[in-house]
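Below: the structure, in C-alpha cells.
Chain letters run A, B, ... following the sequence lines, proteins first and then strands; every chain starts at 1. Bear in mind that the values here come from a model prediction, so they are computed numbers and not experimental data.
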2 protein chains.
Amino acid sequence: MSLGKDYAGQECSMAGALEVVGERWTLLVVRDALYGVRRYNDFLAHLGIPRAVLASRLQALTAEGILEKRRYQESPPRDEYVITERGIALWPVLRSLGRWKREQYGETQLRYFRHADCGTELGSYGECPACGLVVPVADVLMDPGPGLDPDPADSVGRALLKPRRLLQPIESDPV
Amino acid sequence: MSLGKDYAGQECSMAGALEVVGERWTLLVVRDALYGVRRYNDFLAHLGIPRAVLASRLQALTAEGILEKRRYQESPPRDEYVITERGIALWPVLRSLGRWKREQYGETQLRYFRHADCGTELGSYGECPACGLVVPVADVLMDPGPGLDPDPADSVGRALLKPRRLLQPIESDPV
DNA sequence: GAAGTAAGTTCAATGAACGAACCTTCAATG
DNA sequence: CATTGAAGGTTCGTTCATTGAACTTACTTC
C-alpha cells in the first residue's frame with residue numbers, strides 16, 4: 001500500500017493510518033498478535049493467509065514498530081513476532097470494528113471481552129462500564145461466546161477456546 | 001474483497017467488518033461522507049481515487065446500507081450518496097485510527113474534532129472530556145489545525161478550511 | 001540416513017487498481 | 001441550431017498485488 005500509489009496528498013491522519021495498517025490482512029495479523037500469537041506458523045494456520053503475504057506483512061509491521069522480531073532460540077535460529085506498545089494501541093480500532101459489525105448486522109456474540117478484575121463486558125471503546133475506566137489491554141479477558149465453533153482446525157483456534165487474557169503468549173502445542 | 005477470496009472461516013466480527021469496509025479506499029469514502037461529501041465528483045476530486053474504483057465502492061457501500069443513493073434532481077437525473085446510521089456508526093473506527101496515527105507518530109494536528117456545545121476537543125473514542133458524554137456525530141465540530149494546507153486544490157478541501165460540523169452537506173461551489 | 005519442523009523464498013496464474021479516454025443526458029451559450 | 005460544458009458514469013490496456021503450490025535452508029529426532 002505504501003509503495004508507489006499511496007493515499008498521497010490526503011491531509012489526514014486517518015488516511016495516514018490506513019497507509020500503515022490498511023492493507024489486506026494487516027489488521028488481522030495485529031488482532032492475532034493481540035491474542036498472543038507470535039510465531040509464523042501459528043499466524044499461518046490461524047489466518048489461512050498465503051505464506052508470501054504473511055512474510056511481507058510481518059516485515060512491514062516490524063518496520064513500522066508495531067511488531068518486534070525477537071530471537072527465541074539460536075539453533076536452529078528462530079524468531080517470533082511480539083506486539084509492541086504501538087501495536088497494542090491499535091486495540092481500540094479493532095474493538096470498535098468488531099462492535100460495529102456485530103451491532104449493525106445483529107450477529108450473535110463470538111467472543112466476549114471482559115474486564116478481568118470484575119468480569120463486566122467492555123463497552124464500545126474498551127472501557128469497563130462498571131468500574132468506569134478504560135481497561136488496559138493486558139487486563140482484558142477474552143471469553144468464548146455462543147456463536148463460536150467448538151472444534152477449530154488449528155491449534156491457535158483451539159487455544160482460544162479457553163478464557164484467556166489478551167497479550168498472553170499462546171504456546172502452540174501441535175495435535 | 002468479498003468476492004472469491006475472502007477472510008472466510010475467520011470466526012470474528014473484526015474480520016467480518018474488514019470484509020465490508022476493509023478494501024482500499026472504502027474507509028476514506030466513508031470519512032468523506034461523514035465530512036458531508038455527497039456527490040460523485042466531489043469524492044473524486046477530494047480523494048484522488050480512480051473513477052472506476054469510486055463507482056465500485058459507492059455501489060458496494062450502498063449495497064451494505066452504509067450509504068444511501070438519493071435522487072437530488074430529475075432532469076438530468078442526478079444522484080447523491082448520503083451516509084446512513086450504519087455508516088455514522090463507523091465514526092469511532094475512523095476517530096481511533098486517526099488518533100492512533102497522530103499519537104504514535106507524533107504528528108502535528110491537522111484537524112481538531114470538538115464538542116460543538118462546549119468547544120472541548122474530543123477524547124480518543126469520541127467522548128467529550130468536559131461534559132463526560134459520548135458526543136453524537138452531528139454535534140462534532142471539525143476545525144482546521146496548524147498542519148493543514150491552507151490552499152487545497154479541490155473545492156471540498158477548500159470548504160473544509162472553515163470550521164463545520166460533521167454530516168453537514170458540503171455544497172460544492174466550483175472555482 | 002530418513003523424516004520432520006520452523007521459517008521462509010520463488011514462481012506462474014489470477015485478480016484488483018490505475019489512469020486515460022470515451023459515453024450519455026441534459027442546460028446554457030453564441 | 002450547433003457547440004460547449006457539467007455530472008455521473010463505463011471501457012480498456014497496463015501495472016501491481018494476491019494466491020497457492022512447490023521449493024529451500026538449517027537444524028533435530030527417530
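With hydrogens and angles ignored, no donor-acceptor pair closer than 3.5 Å exists between the side chain of Arg78(A) and the base of dA7(C).
When heavy atoms are screened at a 4.0 angstrom cut-off, Val53(B) is found touching the sugar-phosphate backbone but no base atom. Backbone-only contact: Tyr72(A) has heavy atoms under 4.0 Å from sugar-phosphate atoms and none from a base.
In the set dA7(C), dC26(C), dT10(D), the nucleotide with an atom closest to the side chain of Ala55(B) is dT10(D). Out of dG9(D), dC27(D), dA6(C), the shortest distance to the side chain of Lys69(B) is found at dG9(D). Listed nucleotides: dC27(D), dG8(D), dT5(C). Nearest to the side chain of Arg39(B): dG8(D).
Atoms CZ (Arg71(B)) and P (dT25(C)) sit 13 Å apart, rounded to a whole Å. Distance CD1 (Ile49(B)) to P (dG9(D)): 13 Å, rounded to an integer number of Å. Atom CG in Leu44(A) sits roughly 10 Å away from atom C1' in dA7(C) (whole-Å rounding). Distance, Glu23(A) CD to dA16(C) P: 16 Å, rounded to whole Å. Following rounding to the nearest Å, Asn41(B) (CG) and dG8(D) (P) show an atom-to-atom distance of 5 Å. Distance CG (Leu54(A)) to P (dT19(D)): 11 Å, rounded to an integer number of Å. When the C1' atom of dG8(C) is taken as reference, atom CG of Asp79(A) falls 11 Å away, rounded to whole Å. Computed from coordinates, the Arg38(A) CZ to dA6(C) C1' distance equals 17 Å when rounded to whole Å.
Nearer the 5' end of DNA chain D, as judged by each residue's closest nucleotide, is the contact made by Arg51(B), out of Pro50(A) and Arg51(B).
Within residues 59-67 of chain B, no residue approaches DNA chain C, by heavy-atom distance under 4.0 Å.
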Does Arg70(B) form a side chain to side chain contact (heavy atoms under 4.5 Å, CB included) with Arg38(B)? I'd like the steps, not just the answer.
CA-CA 10 Å; Arg70(B) 177 184 298 173; Arg38(B) 297 180 163 195; 4.1 Å; yes
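In this view, Ala130(B) and Cys118(B), Thr120(B), Cys128(B) satisfy the side chain to side chain contact (heavy atoms under 4.5 Å, CB included) rule, not counting sequence neighbours. With sequence neighbours left out, the ring pair (Phe, Tyr, Trp, His ring centres under 6.0 Å) criterion links Tyr105(A) to Trp100(A). Not counting sequence neighbours, the partners of Asp79(A) by the side chain to side chain contact (heavy atoms under 4.5 Å, CB included) test are Lys69(A), Arg71(A). For the ring pair (Phe, Tyr, Trp, His ring centres under 6.0 Å) test, residues two or more places apart in sequence or in another chain that qualify with Tyr125(B) are Tyr125(A).
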Which donor-acceptor pairs under 3.5 Å do the side chains of residues 144-152 of chain A make with protein atoms, sequence neighbours left out?
from: Asp149(A); atom 1: OD1; to: Asp151(A); atom 2: N; distance (Å): 2.9

In a table with atom names and distances, give each donor-acceptor pair under 3.5 Å that connects a side chain of residues 88-99 of chain A to protein atoms at least two apart or in another chain.
from: Arg95(A); atom 1: NE; to: Gly123(A); atom 2: O; distance (Å): 3.1
from: Arg95(A); atom 1: NH2; to: Leu122(A); atom 2: O; distance (Å): 2.8
from: Arg95(A); atom 1: NH2; to: Gly123(A); atom 2: O; distance (Å): 3.3
from: Ser96(A); atom 1: OG; to: Pro92(A); atom 2: O; distance (Å): 2.8
from: Ser96(A); atom 1: OG; to: Val93(A); atom 2: O; distance (Å): 3.0
from: Arg99(A); atom 1: NE; to: Glu103(A); atom 2: OE2; distance (Å): 2.9
from: Arg99(A); atom 1: NH1; to: Leu122(A); atom 2: O; distance (Å): 3.4
from: Arg99(A); atom 1: NH2; to: Glu103(A); atom 2: OE2; distance (Å): 2.8

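For the OP1/OP2 pair of dC18(C) and a distance below 4.0 Å, the side-chain nitrogens and oxygens of Trp25(B) include at least one atom meeting the criterion. Taking side-chain N and O atoms only, Arg24(B) has a distance below 4.0 Å to OP1 or OP2 of dC18(C). Between dA6(C) and Tyr81(A), no contact under 4.0 Å exists linking OP1 or OP2 to a side-chain N or O.
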N/O-N/O pairs, protein side and nucleotides 28-30 of chain D side, under 3.5 Å:
from: dT28(D); atom 1: OP1; to: Ser75(A); atom 2: OG; distance (Å): 3.2

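Through ILVMFWY side-chain contacts below 4.5 Å, Leu141(B) is grouped with nothing and stands alone.
With a 4.5 Å cut-off on side-chain heavy atoms, Arg39(B) and Tyr72(B) count as touching. Between Ile49(B) and Leu44(B), the closest side-chain pair of non-hydrogen atoms falls below 4.5 Å.
The nucleotide dT15(D) finds its pairing partner in dA16(C), both defining distances of the Watson-Crick or G-U wobble pair being shorter than 3.5 Å.
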